[in-house]
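This one's a predicted model, so the numbers in the text were calculated from it and none came from an experiment.
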Amino acid sequence: MSILGTRVIRTEDPRLLTSGGVYVDDLREPDLAGAVRATFVRSTVAHALITGIDTSAALAAPGVVAVLTAADMTDLPAPPPPEPLPDDAPPPEGPNPMGGVWQEPLLAVDRVRFVGEPVAIVLTDTTYAGEDVAELVSVDYEPLPAVPSIEAALADESLLFPDAGTNVCVRGGRAIGDDSIFAGCEVIVEGDVVNQRVAALPMEGRATAAVFSGGKLTVWTSTQNAQLARLIFTAVGLPPDAIRVVAPDVGGGFGAKIGVDREQIIVAWAAKRTGKPVRWVETRNENLMGMTQGRAQLHHIKIGGDRQGHIKAYRLDVVQDSGAYSRMGGFLPMLTNLMAPGVYDIPVVEADYKVVVTNGTPIAAYRGAGRPEAAATVERAVDWFAAEAGVDPAVVRKLNFIKKEQFPFVTKTGAPYDTGDYEAALDLVLDAAGYDQLRAEQKRRRDAGETKLLGIGLATYVEITAADGAAGETAKVEVHDDGTATVYTGSSAHGQGHHTAFAMIVQNELGIPMDKIEVIHGDTDLIPDGVGTYASRSLQLGGSAVHKAAIEVKEEAAKKAAELFEAAEADVVLDADTGTWHIAGDPDKSLSWSQVAAAADQGLIVANVRFTADRPTFPFGTQLSLVEVDAETGKVTLLRHVTADDAGPVLNPVLMEGQRHGGIAQGAAQALVEEILYDADGNPLTATLMDYGAITAAELPSFELLTHETSTSANPLGVKGIGEAGTIGATPAVHNAVIDAVSHLGVRHIDMPTTPERVWTAIQKAGAQKESAQ
Amino acid sequence: MIPPSFTYARATSVDEALALAAEHGEDAKYLAGGQSLLPLMKLRFAAPTVLIDLGRVTELSYVRDEGTYVAIGALTRHHDVATSELLLADIPLLAHTAEAVGDPQIRHRGTIGGSVAHADAAADLPASLLALDATFVVRGESGTRTAAAAEFFKGIFETALEPGELLTEIQVPKPASPSAWSFQKFNKRAIDFAMVGAAVQGAGGQNTAVALINMGSTPLRATAVESALANGASIADAAALAAEGTNAGSDIHASKAYREHLARVLVRRALEEASARA
Amino acid sequence: MKVELTVNGKGVTADVEDRTLLVHFLRDVADLTATNIGCDTTSCGACTVLLDGESVKSCTVLAAQADGRAVTTLEGLAAESGEMHPVQRAFHEEHGLQCGYCTPGMVMAIVSLLKENPSPTEAEVRTGLEGNICRCTGYHNIVKAALAAAEASQ
């Protein structure tokens with residue numbers, strides 16, 4: 001009886017629920033005893049030259065241990081001086097340049113480019129002295145004209161990197177042609193769709209503790225991949241084998257903790273520089289200014305088709321705001337372009353992108369990383385098109401889906417979809433939601449002139465997971481002579497429950513009970529090679545690696561058991577239900593794992609593997625959002641959310657549902673309440689949780705999750721990635737629902753987040769347009 | 001995140017609190033529940049060098065039936081105001097307003113007197129107290145005085161309290177028709193301060209009080225609405241005047257024009273609800 | 001100044017700066033690190049503990065204000081025998097936590113909520129948790145856990 005596919009509650013929980021997780025700020029490692037506290041001095045202006053830094057008052061303050069600026073970083077290898085780009089050089093093609101003229105410093109050198117950029121680091125003997133001393137560091141700024149938006153960046157008047165000659169740092173995709181692709185289209189919709197900047201907002205911000213002793217740097221850091229972090233920490237001037245990185249319990253990441261940021265490098269450097277252990281834990285205010293953020297794309301779309309609802313052509317023009325420094329923001333729109341047509345078989349698709357720097361927080365991966373933007377916009381475009389054509393949006397979707405028989409299917413943008421059944425997922429959701437009854441009730445309220453209107457929003461999405469399948473994931477499985485097993489994984493859980501999932505895989509293969517299996521991750525001394533947890537890759541790559549290692553352990557053990565039984569290897573069999581070895585047909589003679597391992601070299605059976613996949617996978621689904629819009633105020637209430645998210649066979653429904661729930665909430669939040677805002681001078685307006693509208697339980701309903709499983713052949717488990725699907729599907733579902741609620745009033749589009757004022761304003765505008773049209 | 005340094009002083013009685021305030025002068029601030037003051041200090045927007053903790057002044061925590069009015073000690077917590085049987089029966093508007101403040105954790109610490117003295121224009125209780133024509137009892141070095149709610153709120157975070165004075169009691173007259181109440185708090189998220197709010201006590205017609213949250217630098221009575229109702233106007237017609245005499249601001253949450261629109265809608269809904277409850 | 005609290009039934013006394021927040025007293029003086037800090041504006045509830053049995057945000061209480069009073073943190077919730085409190089058990093059974101960072105505050109908030117309202121509706125649970133932010137779970141299973149704990153305690 002396989003444990004896979006059954007509901008198993010988490011082995012991680014008892015500790016977390018009774019003594020609490022141990023996050024960086026909780027660590028009481030002996031090496032960190034007496035650690036000094038780091039506090040950063042950050043820029044208070046968005047764009048300025050630094051004309052002076054006066055640390056004298058800070059250095060004289062009680063509790064101060066050190067005050068360091070870029071000028072003190074003399075022991076670090078300096079980046080090569082950038083060659084200014086020729087005046088007429090076009091912006092570079094393809095993903096992000098990250099260096100050269102776009103170089104991001106560690107501590108700001110002579111210029112700041114966003115409010116919150118680190119300028120100095122203060123070390124104090126106590127936490128409480130930190131802010132006191134940091135306040136005493138005096139920085140002189142000569143302000144430069146701010147570039148607070150994509151529009152300002154494109155104007156290329158104030159340049160963040162003068163040596164680059166432009167604010168456009170990357171360009172790519174296919175050249176956009178002329179409008180002939182829309183010739184003959186009876187219905188054409190053209191417009192701008194904003195995918196607004198949001199905060200990743202893990203509940204634990206960034207945190208790092210470092211100690212340099214005996215030539216070795218040890219860093220504990222809140223990261224999604226300790227191995228990548230270690231590579232990044234070599235920037236302090238040490239080789240990887242002189243660095244150990246440990247990821248303790250990590251309080252959420254959502255993509256913003258891939259590797260580490262400049263602050264963590266500075267902290268590690270400070271530990272090396274001063275010879276003292278250093279601990280840094282950012283405040284939420286710092287986090288909302290300094291941690292990388294998500295989305296921030298401006299889309300211009302054009303979609304055309306016939307009156308029956310067939311879509312003939314779709315054009316997507318993306319401008320990515322990468323914030324002050326390009327980083328991963330330069331790479332994300334490539335994924336947006338790749339996934340532009342979504343689940344649809346559209347004859348002509350054009351997609352291109354450019355990336356601009358602005359005086360804002362740098363953009364990087366955030367749950368979905370480039371793909372939610374594609375789905376949000378194509379789903380918006382399809383609904384908009386359907387409204388113009390006067391065809392039900394569910395009908396338009398079905399008309400244009402890639403059909404089940406067409407898989408594997410390569411899209412016009414080059415995405416190789418493996419498997420899918422979009423129509424089945426849609427039908428499942430429509431049925432469970434009672435779509436026809438919902439439309440009937442919507443109509444009833446409209447006809448009765450009620451002011452509490454119903455909106456029904458659909459999103460059918462597909463996304464790419466494990467795009468870096470070639471990098472794969474590592475796993476080592478050991479069975480010990482006491483019958484227990486240890487799994488070392490390159491995956492790096494920060495809430496996903498890998499310890500439970502991977503133990504399930506080992507129990508399933510080897511019959512060793514879960515309570516005898518320990519799973520370890522996140523320590524480069526124990527796991528020097530690993531890729532990490534992001535891009536919904538961990539089960540399909542990390543889990544497959546564990547699976548592969550378990551099988552190799554089984555094969556090794558079979559050889560040993562055969563020796564002990566004095567039988568042929570082919571006659572030896574493992575009973576995975578009881579975890580015992582037998583000779584086939586002779587159940588009386590058995591060996592335990594303990595006995596088999598004891599007989600092995602050093603009392604250990606071990607397999608150390610890397611699993612790679614030769615292609616990415618494409619989970620998909622349909623989400624339906626039911627909202628109520630108060631037409632008098634524009635306020636939106638989420639009533640129901642029904643989803644069928646298909647990521648292949650479900651290994652543990654408990655974990656899978658949890659991932660979907662979390663993704664739906666974040667997706668709904670972007671549609672409804674969350675937005676990072678700056679004023680005209682680039683000052684952040686939403687840098688605390690009072691002002692940034694993080695969604696709470698009071699705004700959300702319970703969700704209705706349906707099961708749909710379409711496996712893939714990309715890995716032996718047959719699974720795709722579920723981690724980001726919820727976010728990708730929920731945003732357009734909720735967004736479309738809000739607009740659907742007031743579409744009968746003539747509203748065709750409202751930008752996210754659909755705040756009450758935005759909705760109300762759209763209703764007023766549509767009403768005024770109707771009046772003037774009469 | 002960390003407040004600047006200060007000296008902590010503790011009072012166990014009103015007299016002691018006043019004496020400590022006199023001793024420390026302008027440098028000192030009273031600390032009641034701390035749910036408004038401590039956040040400001042943690043962001044370093046406020047930096048008093050002395051905090052006088054009133055948490056042990058238990059003599060100021062009570063809800064008392066005084067016949068024609070209810071007397072509430074200034075240090076009565078929101079939770080206790082919200083769950084007071086007396087208030088739920090005789091002044092439900094006030095009990096339900098207290099229930100709307102913040103979240104359960106904040107209501108376990110925050111006090112009615114603290115909220116009134118802090119005078120955030122977006123706060124809930126000042127508006128309802130204004131609608132209920134509450135009287136505030138204030139004690140200072142020179143003795144005790146009272147101030148009507150209508151004269152108490154001067155501006156954003158500004159009240160009629162003189163330095164060192166302590167709000168000790170809030171006296172709320174029992175409304176003629178207690179069940180004719182409504183409290184409309186409009187926000188994007190349940191935890192947010194009111195973008196705009198309306199508190200109504202009365203079933204329309206004469207003697208109906210309407211107060212607005214966040215339509216100016218202080219809570220405001222919607223006097224144009226009240227006059228119209230007193231003169232026999234319908235709820236709809238009266239509510240249409242809700243924005244008159246107001247001075248709403250524009251910020252990241254709402255524009256002035258939208259706030260004015262909300263005021264009209266919320267006042268109408270509040271009047272309808274109070275009327276239906278009567 | 002000297003501050004004396006009872007934390008999880010044990011007396012803790014220390015000389016601390018007057019401005020010490022209760023959350024730091026618990027984490028750094030009493031060495032109970034389960035209670036976490038998630039924000040700086042009293043918004044997120046990660047720091048929720050019980051003060052004399054009622055939920056409070058310990059980042060917005062001075063240790064001095066809690067002087068002489070009793071605090072309960074997550075670490076003090078399970079029975080002496082080690083048996084989990086119904087709310088802890090419900091979180092485990094209903095998968096009410098993922099990364100675990102908001103969890104101590106969430107659990108304590110629910111313990112207090114159920115004390116005041118032993119049979120809440122789903123809506124009452126959701127409104128009751130408006131001061132507790134979670135980023136991982138979407139709240140669905142947290143709400144289920146609260147309702148399950150309520151039922152188990154009947």
Contact part of L685(A) toward chain B, heavy-atom cut-off under 4.5 Å: side chain, backbone, both or neither?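 Both the backbone and the side chain of L685(A) come within 4.5 Å of chain B.
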
Is chain B contacted by the side chain of L689(A), its backbone, both, or neither, given a heavy-atom distance below 4.5 Å?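 L689(A) touches chain B through backbone heavy atoms alone.
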
Quick one: side chain to side chain donor-acceptor pair (under 3.5 Å) partners of S234(B), sequence neighbours excluded?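 By the side chain to side chain donor-acceptor pair (under 3.5 Å) rule, S234(B) matches D237(B).
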
What are the atom names and distances for all donor-acceptor pairs below 3.5 Å between chain B and chain A?
{"from": "M1(B)", "atom 1": "N", "to": "E131(A)", "atom 2": "OE1", "distance (Å)": "3.4"}
{"from": "M1(B)", "atom 1": "N", "to": "E131(A)", "atom 2": "OE2", "distance (Å)": "3.1"}
{"from": "I2(B)", "atom 1": "N", "to": "E131(A)", "atom 2": "OE2", "distance (Å)": "3.2"}
{"from": "R44(B)", "atom 1": "NH1", "to": "D132(A)", "atom 2": "OD1", "distance (Å)": "3.0"}
{"from": "R44(B)", "atom 1": "NH1", "to": "E135(A)", "atom 2": "OE1", "distance (Å)": "3.2"}
{"from": "R44(B)", "atom 1": "NH1", "to": "E135(A)", "atom 2": "OE2", "distance (Å)": "3.4"}
{"from": "R44(B)", "atom 1": "NH2", "to": "D132(A)", "atom 2": "OD1", "distance (Å)": "2.7"}
{"from": "N187(B)", "atom 1": "O", "to": "K635(A)", "atom 2": "NZ", "distance (Å)": "2.7"}
{"from": "R189(B)", "atom 1": "NH1", "to": "A694(A)", "atom 2": "O", "distance (Å)": "2.4"}
{"from": "A190(B)", "atom 1": "N", "to": "E699(A)", "atom 2": "OE2", "distance (Å)": "2.7"}
{"from": "S255(B)", "atom 1": "N", "to": "E757(A)", "atom 2": "OE1", "distance (Å)": "2.8"}
{"from": "S255(B)", "atom 1": "OG", "to": "E757(A)", "atom 2": "OE2", "distance (Å)": "2.5"}
{"from": "Y258(B)", "atom 1": "OH", "to": "T633(A)", "atom 2": "O", "distance (Å)": "2.5"}
{"from": "H261(B)", "atom 1": "NE2", "to": "E632(A)", "atom 2": "O", "distance (Å)": "2.6"}
{"from": "H261(B)", "atom 1": "NE2", "to": "W760(A)", "atom 2": "NE1", "distance (Å)": "2.9"}
{"from": "R268(B)", "atom 1": "NH1", "to": "E632(A)", "atom 2": "OE2", "distance (Å)": "2.8"}
{"from": "R268(B)", "atom 1": "NH2", "to": "E632(A)", "atom 2": "OE1", "distance (Å)": "3.2"}
{"from": "R268(B)", "atom 1": "NH2", "to": "E632(A)", "atom 2": "OE2", "distance (Å)": "3.2"}
{"from": "R269(B)", "atom 1": "NE", "to": "E632(A)", "atom 2": "OE1", "distance (Å)": "3.3"}
{"from": "R269(B)", "atom 1": "NH1", "to": "D630(A)", "atom 2": "OD2", "distance (Å)": "2.8"}
{"from": "R269(B)", "atom 1": "NH2", "to": "D630(A)", "atom 2": "OD1", "distance (Å)": "3.0"}
{"from": "R269(B)", "atom 1": "NH2", "to": "D630(A)", "atom 2": "OD2", "distance (Å)": "2.8"}
{"from": "R269(B)", "atom 1": "NH2", "to": "E632(A)", "atom 2": "OE1", "distance (Å)": "2.6"}

